[in-house]
Asks: 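Here you go, one structure.
If you're wondering where the values come from, they're calculated on a predicted model, not measured in any experiment.
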Amino acid sequence: MADGGRMKGVQSAGGGAGDDEEGNEEVREEPELALSLGRRVWHLPPRQEAAPRSLNWTPVLPEWNPDAAGSSQGVERALGGQSISSLGFHDMFGGILDDPQAGGSMEVGWGKLNEEDEDRDLQNKRLRVRHFGEENPLHSEHELEFGLSLFANDGSESPRDANNEQVDDAENSGGRNSVDVGIRMDLSDDFLHMIFSFLDQKDLCRAGVTCKQWRSASVHDDFWKCLKFENTSVSLENFVNICRHYQSVTELNLHGVINAETLVLEAIMFLRHLKTLTMGKGQLGESFFQALAECPLLTALTVNDASLGSGIQEVTVNHDGLRELHILKCRALRISVRCSQLQILSLRRTGMAHVSLNCPQLLELDFQSCHKLSDNAIRQAATACPLLAKLDMSSCSCVTDETLRDIASSCPSLSVLDASNCPNISFESVRLPMLIDLRLLSCEGITSASMAAIAYSRLLEALQLDNCSLLTSVSLDLPHLKNISLVHLRKFADLNLRSPVLSYIKVSRCSALHRVSITSTTLQKLVLQKQESLSSLSLQCHNLIDVDLTECESLTNAVCEVFSDGGGCPMLRSLILDNCENLSIVELNSSSLSCLSLAGCRSMTLLRLSCPNLQHVNLDGCDHLQSAAFCPVGLESLNLGICPKLSVLHIEAPNMSILELKGCGVLSKASINCPRLTSLDASFCRQLVDDSLTCMSEACPMIEHLILSSCLSIGIDGLSSLHCLHKLTLLDLSYTFLDNLKPVFNSCLQLKVLKLSACKYLSDSSLDALYREGALPLLVELDLSYSSIGQNAIEDLLACCTNLVNVNLNGCTNFQELVCGSDDSSCVDMPVDFCAPSSAIKSEEISERSGRLLEVLNCTGCPNIKKVVIPSIANFLHLSKINLNLSTNLKEVDLTCPNLLTLNLSNCSSLEVLKLDCPRLSNLQLLACIMLQEEELESAISLCSALEFLNVHSCPKINALDFGRLRLGCPSLKRIQSSLIS
C-alpha cells in the first residue's frame, strides 16, 4: 500500500512534464513533502531506479575557497564542475515505504542505514534536544547564513560527467562514507536543532538536501507538529504519507486547499493527536463533522467561507473535547452544535436560518451579522447556555428587548454584550447586573430613558453609545466605569458622569452638547474638541493633567474658574483653549499649570496669569489683547509682538531671559521685573515712554541686548537710565529722533554694537565724543546707514576709531569721497595722548602704531560718493570686505589692501578708474559697470594673484573675445560671469 501510494504521488508530480507549462503550474507548486523531504524543490523528480539502499553522499572536496562560500556555483567549481546529487525520497527514508516492516516503528528512525552510518549517527547523538516551542537562545544572522551556505542548496539537478551525461547516484556516491568529505559541517545537533526551529517547512526541505546530519535534523518531529498548507495544492497520497509518518501533528491548516474534506477523511486515522484544525473555501459535508470524533484531542476547529452540508440537511457538530468552534462566513441551512466542553462559539457572518445549541459549558457566543437568524432563534440559542458570559449579536436587526430580557434572566453571568446596529432595542427594561462591557453603537432606539437600565449595571466598566441619534442626555453614576465613547450624537445636549475610576472619555461631533459635568479621581486627559455649543463645564478631577477645548466657541469666561486653584483640577499642567472666540477675559490662578495655549482667541482683551510654574504660553492671533499681566510666571521667554493693541503690560518672571515686544505699537505702560532678562526687543513700541524704560533698566540689570528701534517717545531721560545696565553690549536706536548721544556715551561703557540707522537728526557734532574723546572704547560695530552724518565726521571716525571692525554707511547722502591717509583725515582737537596732530606723516605713524581693526566696510547706495582711495599708508591690514554697490556716481577706486577678499562694485555705472593691489582678493563683482574699459580691468586684476571669481555681466565695454587676455594676466581666475557668454 505504501509503495503504491508513493508511486501515485510520483506520477502526479512528474507525469505531466511534457504538458503545457501553464497547465502544470499548480502541480509544480504542490508540496510533495513526504516524497521529497530534503529536496530543494517541492515536487518529486523521476525516481532513480538504480539508487542504492544506503546513502553515502561523500564526494571528496578540494581545498576550500572562502570566496565561493555560500553559492552553489562555488561548490560546483570545488567539485571540478560536477553538481551535487539530489536526495530522493527513497534515499532519505530507506525501505520504510517499500516494506512497512523493514524500518521498524517510528520511534526507531527513518529506516535502516548501513552499520557505518549507524556508528556515525551514534557519534553525532546530541545530549539534549529542545522541544518544539521551547525558548531557544538567539543567534546572529551571519551565523545562520554561514551554516546554511557552506554546501550547495540547489538540489534540483543530478550530477553529470564530463560529457554532460547524467551519472547514477551509485556511481556518484561510490563507496566512501561521509567521513571522507574534505570539508564537513561540524555543528552539534543541539545547535542545528536551534537553527532549524526558525525555518518553515519549505526551508526545512531545502536544508535536508545538504548532508546526512542536516537531513536527520530536518525531519525531527518537533518541526512537523504544525502543518500549514493554506492555499496550497497537495495530493491525497502525499498528504496521507505525511500524516502517517508524523502522527504527532497537533495543528493542521487546510484553508483554501482543494478537496480538503477528502484529505482529512483519508488521513483521519493518523491525526489522533490533532488539537487545532482549520478548514475553508470548499464543501464540507456531514461525514466530515462525524469523522472529527476520530480526533479525541481536538480542541479548536475553524471553518471559514465554506458551504456546510448538502443544503437541505442539518449540519451537526458533535464532539466531546472541542473547546473552540469558529464557523465564519459560511453557508448552511441549519446548524446544530452538541459539544459538552465547548466554551467559545462564533458563527459570525454565517448565513443560516436556524441554530440549535447544546453546550452547557459555553462562555462566549458570537452571532455578529447573522442576518437570516430570527429573533426567536437567537433567543433560544442564547438562553440554552446558562453560563454564557460574552454575547455578540451586533447587526442582527431583528433582535428585540424581549430577547434581551430573556437572555438576562437565563444567563445571569453575562458580562459582555454587543448589540450594536440593532434598531429595535431600547434597553429600557433590561437588567444585567453583572454586565462589564456594553456596546450599543448605532442603536436608534436608545434614548435618555435607557440610561436608567444601564445604571442598574453597577459593575459596568466600558460603555459605547456612538451614533445613537435619539440620545439627548447621559447621566450615570457608576463606581466602576472606566471608558465611555459618545461620538456623532446629533441631539446630545447634557453629559453628567460620576465614577472614581473613569480614565477615558471620547466625545466628538456632538454639535448640540452644551453642558458637561465630570467627577473622577482617575481621569488624566480630557479632549472636547469642536463642541461648538459647549458653554458650561464642571470638573472634579483631582488627577486631570491635560485638557483640550479647541474650537469650543461658546465657552464663557467662567470656565477659567474651573482650571484655577480650587476649581477641581489641582494637578492640571496643560490647557488648550485655541479658537475659543467667546472668551474676552481670561484670568487663571494655577500653581500647577505649565503650558497654556490661547491661539486664535480674537475676542480676548484682558489676560491675567498667576501661574508660577507656567513654562509655555501661545498667544498667536490674539490681536485684540489690550492688557496683560504675568505675575508671577515661570516663563523663560515670551513673545508679545503678535498683540498689536497691547497697551498695558505687567511682567514678573524670575526666570525669563528673552522678551519680545516688537510691534506693540500702542504699548505705553510697561512694568517688567525680570532679574535674569538678557534680551529685550521693543522695536516699533512708538508710545513707550522714558518712565517705563527707566523702570525696566532698574528691574532688569542683566540686559545685554536692547533694541529700541522706532521707539519715538524715548528721550534723554530714558537713555540716561541705561547706566544700570552694566552688561549692555548691543544698543539699537535706529529710526529714532535722537540728536544727542551723550547719555549713551556716558552710560554704556561696555557697548560693543551701536546701531543708529536712519537717525535723521544726528549731526556731525553728535559723534564728536567717539573720535575726539575716545568714548565707547570697546565699540566694534557702528551702523550709521541712511543718517545725516557728514563727510568730515565719517573721515574722522575711520581715521581715529581704530577699534571698529564693522562700519555701515549705506545710503549716506553726505558721503562724497573716502580718501584714507590724507591731510583731511586727521583727528581734529583730539587729546595729545589719544591722537597725533594733523599731518600725513604723523597720521601714518599713529596708524601703524595703533593698528586698524576694520574688517567690513559697507557703503551700499551712497549716491554722492565719487572717489574711494585706500593707500598702503592707511594701514587697513584687516579689511576683508568692501561693498560699494549702487554707488552710481562713483568714478575712481584705488585700493591697496593686503587682506581684502571681496569687493563689490556692482551697478557703479560711472566707474572709469579701477586700481587694485589686493593679493588675496578672490571675488570681484563688477555687474553693470558700463563705463569700465577692458584695459582698465586687465591692469586692475594683474596684481590680484588670488582672484577666482569675476562678474562682468552687463559690462558692454569688456569684450568676451579677450577673456583669454584676462586669464593670462590673472592665471588664478576660475570663473568669469558675463552676459556675452552663453
Side-chain angles (χ1 to χ4, degrees), residues 779-782 794-809 817-827 835-836 839-860 862 865 867-885 887 890-906 908 911 913-926 929 932 936-952 966-976:
L779 190 67
V780 296
E781 181 177 342
L782 178 62
I794 293 176
E795 291 179 351
D796 291 340
L797 283 172
L798 294 177
C800 301
C801 298
T802 58
N803 288 330
L804 287 176
V805 175
N806 192 332
V807 176
N808 293 323
L809 300 171
E817 65 178 20
L818 175 60
V819 181
C820 300
S822 65
D823 292 342
D824 297 335
S825 298
S826 60
C827 301
C835 185
S839 69
I841 298 177
K842 292 185 178 180
S843 176
E844 178 183 356
E845 294 175 354
I846 292 297
S847 297
E848 291 175 354
R849 184 171 67 248
S850 60
R852 303 179 189 277
L853 300 179
L854 186 65
E855 296 180 5
V856 179
L857 177 61
N858 289 317
C859 300
T860 298
C862 296
I865 189 171
K867 183 178 181 180
V868 175
V869 178
I870 302 180
S872 58
I873 60 172
N875 201 23
F876 283 102
L877 300 178
H878 300 281
L879 188 60
S880 61
K881 180 179 180 180
I882 298 178
N883 191 350
L884 294 166
N885 184 27
S887 298
L890 181 63
K891 293 184 178 181
E892 179 182 351
V893 174
D894 186 353
L895 303 177
T896 304
C897 302
N899 289 303
L900 188 65
L901 300 176
T902 302
L903 174 61
N904 189 351
L905 297 171
S906 298
C908 295
L911 182 64
V913 179
L914 179 61
K915 297 179 181 180
L916 301 177
D917 186 0
C918 306
R920 297 189 63 186
L921 183 66
S922 61
N923 191 329
L924 177 58
Q925 297 288 334
L926 297 172
C929 293
L932 185 63
E936 191 72 19
L937 174 61
E938 182 180 352
S939 174
I941 65 174
S942 61
L943 297 178
C944 302
S945 57
L947 186 63
E948 296 181 356
F949 184 83
L950 174 63
N951 186 356
V952 290
L966 296 179
R967 296 183 185 277
L968 184 62
C970 184
S972 61
L973 264 176
K974 294 182 179 179
R975 181 182 178 187
I976 301 176

Asks: Which residues pass the salt bridge (charged side-chain N to carboxylate O under 4.0 Å, His left out) test with Glu892, sequence neighbours left out?
Replies: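 None.
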Asks: What distance do Ile794 atom CD1 and Leu809 atom CG have between them, rounded to the nearest 0.5 Å?
Replies: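 Atom-to-atom, Ile794:CD1 and Leu809:CG are 5.0 Å apart.
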Asks: What distance separates Leu943 CG from Lys915 NZ, expressed to the nearest 0.5 Å?
Replies: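 So the gap between those two atoms works out to 11.5 Å.
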Asks: Can you list every side-chain hydrogen bond (donor to acceptor under 3.5 Å, both in side chains) pair that touches residues 916-926, not counting sequence neighbours?
Replies: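 Passing the test, one end in residues 916-926: Asn899-Arg920, Asn923-Gln925, Gln925-Asn951.
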Asks: Considering non-hydrogen atoms only, spot the tightest contact between Leu798 and Phe876 and give its length.
Replies: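 So the two residues come closest at O-CZ, 4.3 Å.
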Asks: Any sub-3.5 Å donor-acceptor pair from Ser942's side-chain atoms to Ser939's backbone N or O?
Replies: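 The answer is yes, because a donor-acceptor pair under 3.5 Å joins these two groups.
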Asks: Is there a side chain to side chain contact (heavy atoms under 4.5 Å, CB included) between Leu950 and Leu937 once you walk through the steps?
Replies: CA-CA 10 Å; Leu950 174 63; Leu937 174 61; 4.2 Å; yes
Asks: Roughly how far, to the nearest 0.5 Å, is the CG atom of Leu911 from the CG atom of Leu926?
Replies: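 With rounding to 0.5 Å, CG (Leu926) is 7.0 Å from CG (Leu911).
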Asks: Decide yes or no for Leu877 and Pro898: does some side-chain heavy atom of the first lie under 4.5 Å from some side-chain heavy atom of the second?
Replies: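 A side-chain contact exists here, since the closest heavy-atom pair is under 4.5 Å.
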Asks: Would you say Ile870 and Leu879 make side-chain contact, with heavy atoms under 4.5 Å?
Replies: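 When only atoms from C-beta onward are counted, Leu879 and Ile870 do touch, with a gap below 4.5 Å.
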Asks: Please list, chain by chain and in numerical order, all residues satisfying side-chain contact (heavy atoms from CB on, under 4.5 Å) with Ser872, sequence neighbours excluded.
Replies: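 side-chain contact (heavy atoms from CB on, under 4.5 Å) list for Ser872, sorted by chain: Thr896.
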Asks: Carefully, step by step, assess Leu779 and Asn803 under the rule side chain to side chain contact (heavy atoms under 4.5 Å, CB included).
Replies: CA-CA 7 Å; Leu779 190 67; Asn803 288 330; over 6 Å; no
Asks: Check side-chain contact (heavy atoms from CB on, under 4.5 Å) between Ser972 and all other residues, then give those that pass, not counting sequence neighbours.
Replies: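 Partners of Ser972 by the side-chain contact (heavy atoms from CB on, under 4.5 Å) criterion, ordered by chain and then number, come out as Leu947, Cys970.
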Asks: Would you please say whether a donor-acceptor pair under 3.5 Å links the side chains of Thr860 and Asn858?
Replies: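 Distance-only check fails for Thr860 and Asn858.
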Asks: Does Val805 have any side-chain contact (heavy atoms from CB on, under 4.5 Å) partners at least two apart in sequence or in another chain, and if so, which?
Replies: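 Listed in chain order: Val780, Leu853, Glu855.
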Asks: Can you see which heavy atom on Cys897 is nearest to which on Pro919, and at what distance?
Replies: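 Heavy atoms of Cys897 and Pro919 come nearest at O-CD, 4.1 Å.
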Asks: Hey, could you give me the CG/CG distance between Asn885 and Asn904, rounded to the nearest 0.5 Å?
Replies: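 Here the rounded value is 4.5 Å.
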Asks: Please answer whether the main-chain N or O of Leu804 pairs with a side-chain N or O of Arg852 as donor and acceptor at a distance below 3.5 Å.
Replies: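 Here the side-chain-to-backbone pair does not exist.
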Asks: Leu895 and side chain to side chain contact (heavy atoms under 4.5 Å, CB included): which partner among Val869, Leu914, Leu916, Leu921?
Replies: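 One option only clears the test, and that one is Leu916.
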Asks: Could you check if a side-chain atom of Leu857 sits within less than 4.5 angstrom of a side-chain atom of Leu818, using non-hydrogen atoms only?
Replies: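 Touching, per the 4.5 Å side-chain cut-off.
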Asks: Going through the checks in order, is the side chain to side chain contact (heavy atoms under 4.5 Å, CB included) test met by Leu797 and Val807?
Replies: CA-CA 10 Å; Leu797 283 172; Val807 176; over 6 Å; no
Asks: Please examine the side chains of Val952 and Ile976, heavy atoms only from C-beta on, and report whether any two atoms are closer than 4.5 Å.
Replies: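 Yes - at least one pair of side-chain heavy atoms lies under 4.5 Å apart.
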Asks: To the nearest 0.5 Å, what is the distance between CD1 (Ile865) and CD (Glu817)?
Replies: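 Nearest 0.5 Å value for the CD1-CD distance: 8.5 Å.
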Asks: Between atom CG of Leu900 and atom OG of Ser880, what is the distance when rounded to the nearest 0.5 Å?
Replies: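 Rounded to the nearest 0.5 Å, the CG-OG separation comes out at 7.0 Å.
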Asks: Identify, with sequence neighbours excluded, every residue that meets salt bridge (charged side-chain N to carboxylate O under 4.0 Å, His left out) alongside Glu938.
Replies: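 Partners of Glu938 under the salt bridge (charged side-chain N to carboxylate O under 4.0 Å, His left out) test: Arg965.
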